[in-house]
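Only one structure is covered here, and it is reproduced in the block below.
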Amino acid sequence: MRTIAIMMVLALTGCTTAPDVEPIPGSITYGGQPRTKLTKSPIGSTLSNEFVMDDGRYAIETYRVQPDRSLKLERRDIVGDWPPD
């Protein structure tokens, strides 16, 4: 019985959600949503944004189109210094 309880706890710890990614300078949604709505993009579709951050690192962001046509920042990957050596 104890083994089952431990397995249940371990299984439930994998169900936590990641915290929201906050926009930074260079993000499409930094300072609010874009003025234009993505009227031709299907709801739920994703798009990416690539830019060099202020500290010289290269960032790739992934956004998802929401039902109200706003963008939600889903993920940010920091690749490394730019330009590469």
Side-chain angles (χ1 to χ4, degrees):
M1 188 68 163
R2 185 174 182 177
T3 304
I4 294 173
I6 291 172
M7 290 176 63
M8 293 290 288
V9 169
L10 291 175
L12 289 175
T13 57
C15 295
T16 59
T17 58
D20 288 340
V21 181
E22 295 295 323
I24 59 173
S27 298
I28 295 174
T29 56
Y30 183 72
Q33 290 289 323
R35 289 189 194 125
T36 59
K37 297 286 184 182
L38 299 168
T39 57
K40 294 184 180 180
S41 299
I43 294 171
S45 63
T46 59
L47 60 108
S48 65
N49 178 41
E50 302 175 5
F51 61 96
V52 178
M53 297 171 31
D54 291 339
D55 61 3
R57 295 182 298 163
Y58 187 70
I60 302 171
E61 295 180 331
T62 303
Y63 294 85
R64 184 169 308 277
V65 178
Q66 300 297 298
D68 65 353
R69 301 295 181 179
S70 64
L71 293 175
K72 180 180 180 195
L73 179 56
E74 295 279 329
R75 174 184 180 149
R76 178 182 302 116
D77 293 315
I78 307 298
V79 178
D81 293 337
W82 190 261
D85 293 333

Worksheet item: Do Leu73 and Val65 share a hydrophobic cluster (ILVMFWY, side-chain heavy atoms under 4.5 Å, transitive)?
Response: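 Same hydrophobic cluster.
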Worksheet item: Same cluster for Tyr30 and Val21 if Ile/Leu/Val/Met/Phe/Trp/Tyr side chains link at under 4.5 Å?
Response: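 Different clusters: Tyr30 never reaches Val21 through Ile, Leu, Val, Met, Phe, Trp or Tyr contacts under 4.5 Å.
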Mind listing the side-chain donor-acceptor pairs of residues 35-50 below 3.5 Å, one per line with the distance, residues two or more places apart or on another chain?
residue, atom, partner, partner atom, Å
Ser45, OG, Pro42, O, 2.7
Asn49, ND2, Gly26, O, 3.0
Glu50, OE1, Tyr58, OH, 2.4

Worksheet entry | Closest non-hydrogen atom pair, Tyr63 against Ile28 |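 That would be OH-N, 2.8 Å.
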Discussion item. Please find the pair of heavy atoms, one from Arg57 and one from Ile78, that lie closest to each other, and give the distance.
Written reply: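 Nearest pair, atom of Arg57 first, then Ile78: NH1-CG2, 3.7 Å.
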Discussion item. With rounding to the nearest 0.5 angstrom, report the CG to OG1 distance, Asp77 to Thr62.
Written reply: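 The distance works out to 6.5 Å.
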Discussion item. Are there over 12 heavy-atom neighbours, none belonging to Asp55, within less than 6.0 Å of that residue's CG?
Written reply: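 Yes - once you tally the heavy atoms of other residues, nucleotides and ligands closer than 6.0 Å, there are more than 12.
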Worksheet item: Which pairs, with at least one residue in residues 58-73 and sequence neighbours excluded, count as a salt bridge (Lys or Arg N to Asp or Glu O under 4.0 Å)?
Response: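 As it turns out, the salt bridge (Lys or Arg N to Asp or Glu O under 4.0 Å) pairs with a partner in residues 58-73, which skip direct neighbours, are Glu61-Arg76, Arg64-Glu74.
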Worksheet item: Are side-chain heavy atoms of Pro25 and Phe51 found at a separation under 4.5 Å?
Response: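 Not touching, per the 4.5 Å side-chain cut-off.
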